[in-house]
Amino acid sequence: MKFPDVAMMRFCVFDSDPLGDDFIGQFSLPMSSMATGFRHIPLLSKTGERFSGSTIFVHIAKEPAYSLKKNVLTRLMTFGRGHAQAGKPQRVNCNSIDEIFQGVSQDSLESTTLRRNLEKSVGKFKRSVGVSSSATMLQAVASFSGKMKEASVDFHFIKQADELILKRDGETPESVLKIIQALEEVLNAIEKLAKKAEGIVKKLMGAYSAGEKKYPTLDEELSKADLKGRKLEKARESFAWNMQMIKGQADQLSSAKDSALYEMHQIVDAASSAGINVKFEF
């Protein structure tokens, strides 16, 4: 979180239907006023009216950004069922339904990998130029440019559509080689994510739409697969998990692409401000 003093946290409650997502209640409050520990959060209607006696019980913890991301990832990987893996569809044990989700299993995992690789490369680059993890890419590239000038390294950028290439002019001193490689990793991660995101999102949303069409006859499909009792309950849970996970992966990847392109524009702006040549090729 870059600006906690002006940030707001919004809590929203929806029903348990994985396809309906009917709104129940919400509440927003400033991050600066949030106390840690166990808390009761009141619920308001869409119009801001208080629901009498309705609260959600939450545990609030404030941690450094890096450890928080690790914890969130851990919770995602155990969401709903202890063995659930982030980005991996769960078997419903009904062939007509499993075909839908297993068909995008690799796409879902690749979505997670693309986002993680970009996040890791950005973090590595910021550490290499000596700025904090909360620093913007503008600040990181400004620091990078300063270090390159100190080492008398000449370089320029080539901008092509959704791709930014760093070109070195002459030899690179060993003292700054790792810093340059770290930025090149960021640029490669941005390029891969930007090029693959649209196709992956299209496949994921195609599977989500197919799941929506199956939902009205879900119990009938599961009964045909001879699923009863606890097996039937687990099949429903797996279907719900898969639908939520696929939609979440598609939304996160779309958002990650927007963020990646914004990071790239920040690199271009910072380079231009520092007097570094940026060649635009179309």
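Position 1 is the first residue of the sequence; numbering continues from there. All of these numbers come straight from a predicted model, not from anything done at the bench.
- Applying the side-chain contact (heavy atoms from CB on, under 4.5 Å) criterion to S209, with sequence neighbours excluded, gives E212.
- We find the OG-CD distance between S121 and Q181 to be 13.5 Å, quoted to the nearest 0.5 Å.
- Transitive grouping of hydrophobic side chains (ILVMFWY, heavy atoms separated by less than 4.5 Å) brings L43 and M34 into a common cluster.
- Using a 4.5 Å cut-off on side-chain heavy atoms (C-beta onward), S28 and M9 make no contact.
- Annotation for N242 and P89: closest pair OD1-CA, 3.3 Å, computed over non-hydrogen atoms.
- The distance from the CG atom of D258 to the CD atom of E263 is 12.0 Å, given to the nearest 0.5 Å.
- Residue pairs meeting the salt bridge (Lys or Arg N to Asp or Glu O under 4.0 Å) criterion with at least one member in residues 130-157: none, sequence neighbours excluded.
- For residues 128-145, no pair satisfies salt bridge (Lys or Arg N to Asp or Glu O under 4.0 Å), with sequence neighbours left out.
- Scored by the side-chain contact (heavy atoms from CB on, under 4.5 Å) test, R230 finds E233, K234, E237 as partners (sequence neighbours excluded).
- The closest donor-acceptor contact from the side chain of S108 to the backbone of S105 lies at 3.5 Å or more, if one exists at all.
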Review point. Between L253 and T112, is a side-chain contact (heavy atoms from CB on, under 4.5 Å) present by the stated rule, with each step listed?
Key: CA-CA 8 Å; L253 188 56; T112 300; over 6 Å; no
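- For the residue pair N93 and L227, the shortest heavy atom distance occurs at O-CD1, 3.8 Å.
- Taking all atoms of both residues into account, the shortest heavy-atom contact from A207 to I100 is O-CG2, 3.4 Å.
- Listed by first and then second residue, the side chain to side chain donor-acceptor pair (under 3.5 Å) pairs involving residues 48-58 are H40-T55 (not counting sequence neighbours).
- Linking Ile, Leu, Val, Met, Phe, Trp and Tyr residues whenever their side-chain heavy atoms come within less than 4.5 Å leaves V186 and L177 in two separate clusters.
- Applying the salt bridge (Lys or Arg N to Asp or Glu O under 4.0 Å) definition to pairs two or more places apart or across chains, those involving residues 95-106 are R91-D98.
- Judged as a side-chain contact (heavy atoms from CB on, under 4.5 Å), and not counting sequence neighbours, the contacts of A274 are S145, I276.
- Applying the side-chain contact (heavy atoms from CB on, under 4.5 Å) criterion to T217, with sequence neighbours excluded, gives E220, E221.
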Practice item. Go through L164 and I158 one step at a time and tell me if the side-chain contact (heavy atoms from CB on, under 4.5 Å) criterion holds. Key: CA-CA 6 Å; L164 186 63; I158 298 176; over 6 Å; no
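- Taking hydrophobic clusters as Ile, Leu, Val, Met, Phe, Trp and Tyr residues chained together by side-chain heavy-atom distances below 4.5 Å, I60 shares a cluster with M31.
- Taking every heavy atom of both residues into account, S143 and V129 meet most closely at OG-O, 2.8 Å.
- L183 places a side-chain heavy atom less than 4.5 Å from the side chain of I267.
- Checking side-chain atoms of Q139 against main-chain N and O of T136 turns up a donor-acceptor pair under 3.5 Å.
- A 4.5 Å side-chain heavy-atom check between I165 and L187 finds every atom pair outside the cut-off.
- With values rounded to the nearest 0.5 angstrom, I41 atom CD1 is found 4.5 Å from F11 atom CZ.
- Taking CG of N188 as the start and CD1 of I190 as the end, the distance is 9.5 Å to the nearest 0.5 Å.
- Applying the ring-ring contact (aromatic ring centres under 6.0 Å, His included) definition to pairs two or more places apart or across chains, those involving residues 98-131 are F101-F239, F125-F144.
- In this structure, V141 is a member of the same hydrophobic cluster as V131, with clusters built from ILVMFWY side-chain heavy atoms closer than 4.5 Å.
- With rounding to the nearest 0.5 Å, the separation of CD in Q252 from CZ in R115 is 4.0 Å.
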Taking distance alone, no hydrogens or angles, what donor-acceptor pairs closer than 3.5 Å link side-chain atoms of residues 192-204 to residues at least two apart or in another chain?
from : atom 1 : to   : atom 2 : distance (Å)
K195 : NZ     : E191 : OE2    : 2.9
K196 : NZ     : E110 : OE2    : 3.0

Review point. How far apart are the C-alpha atoms of K46 and Q26, what are their side-chain angles, what is the distance that settles it, and do they pass the side-chain contact (heavy atoms from CB on, under 4.5 Å) test?
Key: CA-CA 7 Å; K46 286 183 177 179; Q26 56 87 23; 5.9 Å; no
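- Side chains of M264 and K159 form a contact here, defined as non-hydrogen atoms less than 4.5 Å apart.
- Between K231 and D226 there is no salt bridge, since no side-chain nitrogen of the basic residue lies less than 4.0 Å from a carboxylate oxygen of the acidic one.
- The shortest heavy-atom contact between S33 and L29 is OG-CD1, 4.0 Å.
- Contacts classified as salt bridge (Lys or Arg N to Asp or Glu O under 4.0 Å) and involving residues 172-189 (residues at least two apart or in different chains) are given here: K124-E185, R168-E184.
- Within the structure, the ring-ring contact (aromatic ring centres under 6.0 Å, His included) test picks out the following pairs touching residues 157-196 (sequence neighbours left out): F155-F157.
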Point to revise | side-chain contact (heavy atoms from CB on, under 4.5 Å) assessment of V268 paired with Q266 | key: CA-CA 5 Å; V268 172; Q266 282 200 321; over 6 Å; no
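- Under the 4.5 Å side-chain contact rule for hydrophobic residues, V176 and L166 share a cluster.
- Separating the CG atom in D269 from the CE atom in M137 is a distance of 12.5 Å, to the nearest 0.5 Å.
- Nearest approach of M205 to A250, heavy atoms of both residues: SD-CB, 3.6 Å.
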